[in-house]
2 protein chains.
Amino acid sequence: MNHTHTSDIDFERSPCAVANMLDLLGDKWSLLIVRDLILGKSRYGEFADSREGIPTNILANRLKRLEMAGVIKKSAYSAKPVRYQYELTEKGRDLQPVLEAMADWALKHVPGAEVFSRYR
Amino acid sequence: MNHTHTSDIDFERSPCAVANMLDLLGDKWSLLIVRDLILGKSRYGEFADSREGIPTNILANRLKRLEMAGVIKKSAYSAKPVRYQYELTEKGRDLQPVLEAMADWALKHVPGAEVFSRYR
DNA sequence: TATGTCACTTTAAAAATGCAAGCGTCTATA
DNA sequence: TATAGACGCTTGCATTTTTAAAGTGACATA
């Protein structure tokens, strides 16, 4: 051991709030899954069907990561073949302002970009 | 050519605003450079010195990408060895609400996370 | 001439991503 | 009863991205 006290908190890169948010969610797919959940999707197949076409291995990996991080939780919706549906936790729901800020930015600066609304 | 009309806009993945924002900025480093610029940094060495320790080839690559996308612009601050400083454009400054939303989220949900403020 | 600074670039290895196919359980159809 | 399909993944492998480390070129300073 070579630290001087035990109150150190282990950050992947730094204590910066933005950096820590990115350590968990800073990739091209995680927030799209959160978006889909906000839009009302809940099942694996629904995420896989989204227009961006997430590879299924990445989808499975991200669902695991988000669940371990407490952003989503899963529950069985079928017993005989055990199948799960996913939903946002409060931690996950609290990402909505981030998605909204990102959408606002893109609406202003990416020509042609559209906001995917809840019902479509 | 096999498209039927010329008004198609080419999106990397979909017209979704969030997806398009992520296509440009959805990685672990780009928004940290934007953060540093908001915090008042402007030079290559300053970005490289940030606590997260961005690899220099990634830094150079991201600066190019952000410049090509119009998020930052560079200008020479020295002539004899030509050296550049970087600053945010309006498009880049408009990312501040995104960073703030991300920081708010992390402050609430990542224990120990701190907001890096402008003067430190 | 020698050393150092700054802003990168290069190289090679490691890790992440993407594509396609496969798998196990079950339901529905012929 | 055999066949096919839906669903939710997992696996294998090629490609791309990221990483750490070292190197480069222009110049300032001693």
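To find a chain, count down the sequence lines: A is the first, B the second, and so on, and within it residues start at 1.
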Task: 5' priority, DNA chain C, between B:Val82 and A:Arg65 [closest heavy atom] - done: B:Val82
Open item on the list: Checking contacts here: which listed nucleotide (C:dA20, D:dG25, C:dG24) is nearest the side-chain heavy atoms of A:Thr56?
Closed with: C:dA20
Task: CA sep, side-chain torsions, deciding dist, call: A:Lys108, B:Glu90, salt bridge (charged side-chain N to carboxylate O under 4.0 Å, His left out) - done: CA-CA 11 Å; A:Lys108 180 170 178 187; B:Glu90 191 202 349; 3.0 Å; yes
Open item on the list: If you apply the rule side-chain contact (heavy atoms from CB on, under 4.5 Å), what do you find for A:Asp104 with B:Asp94, and how did you get there?
Closed with: CA-CA 9 Å; A:Asp104 287 347; B:Asp94 283 345; over 6 Å; no
- [ ] Using a 4.0 Å heavy-atom cut-off across all strands, classify B:Lys64 as base, sugar-phosphate, or nothing.
- [x] sugar-phosphate
- [ ] Test for a donor-acceptor pair under 3.5 Å between the base of D:dT19 and the side chain of B:Asn57, counting only N and O atoms.
- [x] yes
Task: B:Arg43 side-chain N/O to C:dA7 phosphate OP1/OP2 under 4.0 Å - done: yes
- [ ] Classify the nucleic acid contact of B:Phe47 as base, sugar-phosphate or nothing, counting any heavy atom under 4.0 Å across all strands shown.
- [x] nothing
- [ ] Consider the side chain of B:Lys80, meaning its heavy atoms from C-beta on, and name the nucleotide among D:dC27, C:dC8, C:dC19 that approaches it most closely.
- [x] D:dC27
TODO: Could you say whether A:Asp27 or A:Ala79 is positioned toward the 5' end of DNA chain C, judged by the nucleotide with the nearest heavy atom to each?
DONE: A:Asp27
Open item on the list: Could you tell me if the side chain of B:Leu24 sits less than 4.5 Å from the side chain of A:Val110, heavy atoms only?
Closed with: no
Open item on the list: Taking only side-chain N and O atoms of A:Arg62, does any of them lie within less than 4.0 angstrom of OP1 or OP2 on C:dT17?
Closed with: yes
Open item on the list: For C:dT17 and A:Trp29 - does any side-chain N or O of the residue sit under 4.0 Å from the phosphate oxygens OP1/OP2?
Closed with: no
Task: B:Tyr77 side-chain N/O to C:dA7 phosphate OP1/OP2 under 4.0 Å - done: yes
Open item on the list: Taking the side chain as everything from C-beta on, heavy atoms only, tell me whether B:Glu87 gets closer than 4.5 Å to B:Ser42.
Closed with: no
- [ ] Would you tell me if any nitrogen or oxygen in the side chain of A:Tyr44 comes within less than 4.0 Å of OP1 or OP2 on D:dT10?
- [x] no
Open item on the list: For the OG atom of B:Ser50 and the CD1 atom of B:Ile33, what is their distance to the nearest 0.5 Å?
Closed with: 9.0 Å
TODO: Nearest whole angstrom, please: distance from the C1' of C:dC6 to the CG of B:Leu63.
DONE: 14 Å
- [ ] Tell me which nucleotide among C:dT9, C:dC6, C:dT17 gets nearest to the side chain of A:Ile58.
- [x] C:dT17
